[in-house]
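Below is one structure, written out as C-alpha cells; comments come after it.
All values below were derived from every heavy atom in this structure, side-chain atoms included, with hydrogens, water molecules and symmetry-related copies excluded. Reminder, nothing fancy here: chain letters follow the sequence lines and each chain counts from 1.
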Amino acid sequence: MSEHHPDHEYRPDAVEAKWQALWNERHTNEPDLDRGARPFYNLMMFPYPSAEGLHVGNCFAFTGADVYGRFQRLRGHTVFEPMGFDAFGIHSENFAIKLGIHPAQLIPRNIVNFRRQLTRLGGMFDWRHVLSTTDPAYYKWTQWLFLQLYQAGKAYKKKAAVNWCPHDKTVLANEQVINGSCERCGTPVEQRFLEQWFFRITDYADRLLANLDDATKMDWSASTTIAQRNWIGKSQGAEIEFASAAGPIRVFTTRPDTIFGATFMVLAPEHPLVAQLTSPAQRGAVAEYLRATQAKGIVARKVGDKEKTGVDIGGKAVNPATGTEIPVWIADYVLMEYGTGAIMAVPGHDERDYAFATKYRLPIVRVLAGAGESAETPLAEAATDLADAHLVNSGTFDGRPASDAGTAIVAWLEGEKLGRGMVQYRLHDWCISRQRYWGPPIPIIYCGSCGPVPVPEKDLPVLLPEIDDFRPDDSGISPLARHKEWYEVPCPTCGAPAHRETDVSDTFLDSAWYPLRYLSTEFDDRAWDDARVARWTPVASYIGGNEHAVLHLLYSRFIAMVLHDRGQLPFEEPFRKFRAHGHIVKDGAKMSKSKGNVVVPDQYIARWGADTFRMYLMFLGPFEEGGDFRDEGMSGPRRFLDKVWDLVAECDRRTLSGVELQQAIVVKWNQTKKKVTEGLENLSYNTAIAALMELLNAMRAVNCGERKMVKDMVIMLAPFAPHFAEECWERLGHQTSVFDTAWPEWDEALTIEQTAEIPVQVNGKTRSRVQVPRGASEKVVVAAARRDPSVTRFTEGKDLIKVVYVKDRLLNLVVGP
RNA sequence: GCUGGGGUGGCGAAACUGGCAAACGCAAGGGACUUAAAAUCCCUUGGGCGCAAGCCCUUGCGGGUUCGAUCCCCGCCCCCAGCACCA
C-alpha cells in the first residue's frame, strides 16, 4: 500500500531528539505563571530519586498525568506541570549508609539521572520550577512552616514510644519493623520513650472528615476518601466513670448499652493509675508484666500474635450501673493512645473480652438477647451480632431494644454525673520528630532559662551540617547532637549558652506543602507568592498512588487548613481533584526490588521510542487500575504509529468520493472525537487509544486520507505521543506547535448512525438482526422480524405473550411453549 | 479479621451501571509479496456439534429477581492492595 522511502520512514529517536530540542528552545513547556489564560495546575506526586532511577511504574504514573495535562492544554488552558524531588528521608539515608556514600553526594547524582529520564520520556515539565526538598532554599521554608505551626499552637512536645533496635542501636520507623523485628538484622524491636514533636492534627479531625463529603471543595477518587474516613476513624460513644480507691477511672465505650455486663476492667500497662491500684500482693507480677510489655516494642505489641495476656493488679472498681465491685487488670491489648487507656470489659458481647475472660476465668454475663433467646440462654461465644437484640440482666433497662438503650443509659449516667456522650478518633497527632540525620533540622533552640525558643526567621535555614558520621548510634539521639559547633548555640532570646534541637522533621512535612513552592521557586524572600497561589490553586488535578491515600494526602490537607485559618492561604482544601492511578505489575506481582522484577524504561525507549512506550503504557490497561507489563505488547502501538505516519504522508492523495462512503466514515469520525475526548476526561486512556485505532482501521478500509480527519487524528494523538504528533503536524504544513492548536469539536448529530441494526430475540435468545431506520417504531420492527424466517422458525404456532422493544436497541418476542 | 479493588478467550483487555459478550491490541495458524528472511498486506481464531444454513454451551462457584444479568440481590471460593487488638 505504501512505498517506503528510507528518509520518509518514522525514526522515533530522530523525531524525539528534534522536538525535545525545539521545546527547549521555544520554551514550549514554560507557561507564563502571571498572565497565562485559564490556568490549570496539573500536579503529580513527585518522586523520591532513588539510585536505581525511574522504573516503569513511575513512567506509567507520570505519563498518565502528563497525558491529562497535555489534553487540558489542547482544550485551551495554560497548563503548569512542574516536577521535583522528594529527596530527604530514611530511605535515602539507609541507601547511602549501605553504599557508604554520603547522601549529600548521592542525591544530586540521582537527581541528574532522574531528570534525564523524565525529559527523555517526553513529559511537559516546566523545569524552570524544579525543586528538591533537600535544597536549603526549599527546607528553609519547611522550617519556617514548622514555626508557623508552633506559633499557631499546633506543635508541641511530649514523650512517646519509638521502635528501638537493640542490635543496630537505632530508632526505626514503623515501616522498618517487620513482624515485630528490625527489617535489617531481624532482632526483636523494643520500645523506648523519647521526647518528640507532634502536630495537633486531631484538632482538625472533624473538618478533615466533613470536607470529604463537600463536593464543592473535593472531587477525589472514592477509594481515597474512604481510606481517609477509615483512618480518621470517628466513633460515637460514651465516657463513663468507674469509682476506685485511686479515684474515678474513666473508660471509653461505643457500647454503653452493655454496661450491666461489664464484669471486669482492663487498663493499658502505661495507665497512670496502675501503680496506685496495684495491691501489695500483686506488685511482683505487675512489675514483671510491665517489663515484658516494654521489651515487646510498640509494633510487636500490635502486630504480634493475638493471644491475650494480662495480670490482675488486685485493685477494684465499681460498675456504676450494677454497683458491684469488679476486678481491675492490666493487659497490653488495651492501648494508652486510644480513648482513655482503660476499658470496661464486657465478655458476653465483645470477642476480645470474651477471649480474655475465658483464659483467666473471669465472669461472663449475658446482657443482650436476640430473637428466641432469654437472659438464661448460655453463651458459647461473644454475642456481637445479634439481630433485634433487647437488654436482659440490666435492671430497669430490661426488655429495651439494644438499638436505643445506649442513648437511654448515657442519659441516665449523665444525670448521675457518672458519664457523658463522647466522640473518639483513631487518628493520632502527627509525630514529626525523627532521630536521624537526613532531614531538615527542627528549628528550635533549648535554653536553660528561656526554655524552647524558636529560631528567629532571619536565622533560617538551620543548615544541616555536612558531617561524615551521619549514622545513627546507640545514644538514641540524632547524630547531629555529636557536632558541638553546630549543637551549641547562644540562646536567641537571652544569649546564654543553649543547644539546638537535634531531631529532624518527617519527610511528610517536606511533601505537605511542595505544590505551593513550585509556583514560587524564583522568590527567596517568601515561602510562596500570594498572587501566584491565588491564581493557580487549589490544584486542578493531582494524580498519584493510593499508597499515599492517608498519610501524605491527609497531612497536606491539615497543613493547608492550619495556614488557611492563619489567613495565609485562600483555600483550605489544596487538591480540587485527585485521582489514584493503578499499579504496573510484572508477571502477576507488584514490581519491587525484593522480587527482582523491577523494569527500567531506558531499554524500551531506546528500542521503540518514548512515544511508543508512552502509548503502550496507556494502552495496557485502565489507568486507574494499572496492568501487566509485557515486552511483547509494545509492537501494537508502534505499528499503529507507523500507519498513522503513512497516512500523514499520503494525506490528500487518498480522497473519498461517493456520498455513502463519506457518510459511513463521517459518523465514525465524529464518534471517535467524542469517545477520545470523554476517554481522556475520565482517564480511560486505553479505550481512547482503541477508538483512535478503530478510526484508523476504518479509514484504511475505505482508503480514506481526508486532510481534516488526518489533522484531527494527529491532534488527538498528541497527548499520548507528543513528539510524533509535533512531527506529523509539521509535515502537514503547520509552523506552530500542535499543542497551540485547538482540540477537535464534534457534531453530536453526526455521531448517530442513520440505520439501526436491531437484534431480535425470541425468549431472550438472539435469533436474528433486522436493519431498520433509526428511531423506527415497534410496529415497523416487529413487522420486519415477522418476515424473517430465522425468527419465525421459533415463533410459528406459538402464542405471543409479550413484546419487549427498546428503541434502536433490541426486540424481544416472548412466546409460549 | 476489617476496608477497598478484582476474577470475562492462549494473553492484555472492552461492553451505554440491565439490552448483540469478547471492541482494540498481542500471540498463534493459513495465504500473498520475496531467491530467502524480516517488514508489510489479506484471511481465520471463546468452546462444542454439523458437509452446511445453523444449533447448543460460555463472563470464578451455587441460588434468586427479570422478557432479558458480566452488570442487581442472597450465599460461597480465589487473587491483589491497604489497615490491623481502636474498646
Side-chain angles (χ1 to χ4, degrees), chain A residues 1-2 4 9 221-224 226-227 229-231 233 235 237 251-255 258 262 266 268 299 301-308 331-335 337-346 350-353 355-356 424-428 545-547 549-550 580 582-583 585 588-590 615-616 619-622 624-637 639-640 642-643 646 684 686-694 696-697 700 757-769 789-790 793 801-806 808-815:
Chain A
M1 186 177 279
S2 63
H4 278 269
E9 226 169 275
S221 291
S223 57
T224 311
I226 289 165
R229 208 168 278 127
N230 293 342
W231 188 262
S235 299
V251 304
F252 174 72
T253 178
T254 55
R255 295 298 302 277
T258 62
V266 188
V299 173
R301 182 167 153 187
K302 290 181 181 179
V303 170
D305 57 41
K306 296 292 192 320
E307 177 68 34
K308 306 231 170 339
D332 66 6
Y333 78 92
V334 176
L335 308 171
E337 72 256 26
Y338 185 78
T340 59
I343 61 161
M344 61 177 212
V346 184
D350 180 279
E351 275 172 39
R352 294 155 304 174
D353 298 345
F356 195 79
Q424 270 296 325
Y425 300 93
R426 299 178 77 119
L427 181 71
H428 297 144
N546 235 358
E547 62 273 16
V550 283
H583 287 278
V585 300
K590 193 179 164 183
M615 294 267 307
Y616 169 64
F619 185 60
L620 61 71
E624 289 173 274
E625 284 167 42
D628 210 348
F629 185 89
R630 284 154 39 258
D631 295 10
E632 313 86 73
M634 225 80 62
S635 57
R639 283 202 271 257
F640 169 66
D642 283 334
K643 288 173 194 169
D646 290 345
S684 295
N686 55 334
T687 55
I689 292 171
L692 290 170
M693 289 172 167
E694 273 189 71
L696 179 81
N697 292 345
R700 283 162 62 90
E757 192 187 55
I758 313 274
V760 180
Q761 301 183 332
V762 179
N763 289 349
K765 289 194 172 167
T766 306
R767 297 301 180 180
S768 185
R769 278 145 238 266
S790 34
R793 188 141 56 102
I801 297 168
K802 190 174 180 180
V803 176
V804 182
Y805 175 60
V806 184
D808 299 326
R809 271 278 136 79
L810 149 147
L811 176 71
N812 187 10
L813 303 171
V814 184
V815 297

Considering only B/rC24, B/rG19, B/rA27, which nucleotide approaches the side chain of A/Met693 most closely? B/rC24

Can you tell me how far P in B/rG75 sits from the matching atom in B/rC67, rounded to whole Å? 24 Å

Indicate, with a heavy-atom threshold strictly under 4.0 Å, whether A/Asp353 touches base, sugar-phosphate, or nothing. nothing

Classify A/Asn546 by what it touches in the nucleic acid, base, sugar-phosphate, or nothing, heavy-atom distance under 4.0 Å. nothing

P gap between B/rU17 and B/rG10, integer Å: 28 Å

Looking only at side-chain N and O atoms, does A/Lys765 come under 4.0 Å of OP1 or OP2 in B/rC57? yes

Can you confirm whether A/Glu351 is buried at CD, in the sense that more than 12 heavy atoms of other residues, nucleotides or ligands lie under 6.0 Å from that atom? no

Flag for A/Asn546-A/Ser221: side-chain donor and acceptor within less than 3.5 Å: no

How would you list, by chain and number, every residue that makes a ring-ring contact (aromatic ring centres under 6.0 Å, His included) with A/Phe356, sequence neighbours excluded? A/Phe264, A/Trp329, A/Tyr333, A/Tyr360

B/rC41, OP1 or OP2 - any side-chain N/O from A/Arg700 closer than 4.0 Å? yes

Rounded C1' spacing from B/rA13 to B/rA21 in Å: 13 Å

Checking B/rA13, B/rC85, B/rC83 against the side chain of A/Trp231 (C-beta onward), the nearest is B/rC83

Do you know which of A/Val806, A/Val803, A/Val804, A/Val762 makes side-chain contact (heavy atoms from CB on, under 4.5 Å) with A/Leu811? A/Val803

Pick one for B/rG9: is it syn, with its angle within 90° of 0, or anti? syn

Going by heavy atoms in the side chains, are A/Ile226 and A/Asn230 under 4.5 Å from each other? yes

In whole angstrom, give me the gap between the P atoms of B/rG62 and B/rG50. 27 Å

Any non-hydrogen side-chain atom of A/Glu547 less than 4.5 Å from a side-chain atom of A/His583? yes

Nearest-angstrom distance, P atom, B/rU58 to B/rC43: 31 Å

Could you check whether A/Gln761 gets within reach of a base, just the sugar-phosphate, or nothing at all, counting any heavy atom under 4.0 Å? base

Against the side chain of A/Glu694, the closest entry in B/rC24, B/rC26, B/rC86 is B/rC24

For the atom pair CD1 (A/Ile689) and CG (A/Leu620), what is the distance rounded to the nearest 0.5 Å? 9.0 Å

Represent RNA chain B in dot-bracket notation, 5' to 3'. Only Watson-Crick or G-U wobble pairs with both distances under 3.5 Å count; pseudoknot-style crossings use [ ] and interstrand partners use |. (((((((..(((......[....))).(((((.......))))).((((....))))..(((((..]....))))))))))))....

Kindly point out which of B/rG19, B/rC24, B/rA87 is positioned nearest to the side chain of A/Leu810? B/rG19

Of the listed B/rC67, B/rC41, B/rA87, the closest approach to the A/Lys643 side chain comes from B/rC41

Distance between the P atoms of B/rG54 and B/rC73, in whole angstroms? 38 Å

Starting the side chain at C-beta, find the nucleotide from B/rC24, B/rA87, B/rG19 nearest to A/Ile343. B/rA87

Going by the rule ring-ring contact (aromatic ring centres under 6.0 Å, His included), which residues pair with A/Tyr616 if we only count those two or more places apart in sequence or in a different chain? A/Phe629

Would you indicate what A/Asn812 reaches in the nucleic acid, counting non-hydrogen atoms under 4.0 angstrom: base, sugar-phosphate, or nothing? base

Can you tell which of B/rC55, B/rC24, B/rC86 lies closest to the side chain of A/Arg793? B/rC55

Please measure how far the C1' atom in B/rA22 lies from the corresponding atom in B/rC71, and state the result in whole Å. 15 Å

From B/rA27, B/rC24, B/rG4, pick the nucleotide closest to the side chain of A/Ile226? B/rG4

Can you figure out which of B/rC11, B/rC85, B/rU40 approaches the side chain of A/Arg630 most closely? B/rC11

Below the 4.0 Å mark, does B/rG25 have OP1 or OP2 next to a side-chain nitrogen or oxygen of A/Asn697? yes

Please determine whether a side-chain nitrogen or oxygen atom of A/Thr687 lies at a distance below 4.0 Å from atom OP1 or OP2 of B/rC24. no

Does a side-chain N or O from A/Arg767 land closer than 4.0 Å to OP1 or OP2 of B/rG68, or not? no

Residue A/Asn686, side-chain heavy atoms: nucleotide from B/rC86, B/rA13, B/rG6 that is nearest: B/rA13

Is it true that a side-chain atom of A/Asp350 and a backbone atom of A/Ala345 form a donor plus acceptor pair closer than 3.5 Å? no

Rounding to an integer number of angstrom, what distance separates B/rC42 and B/rC57 when you compare their C1' atoms? 32 Å

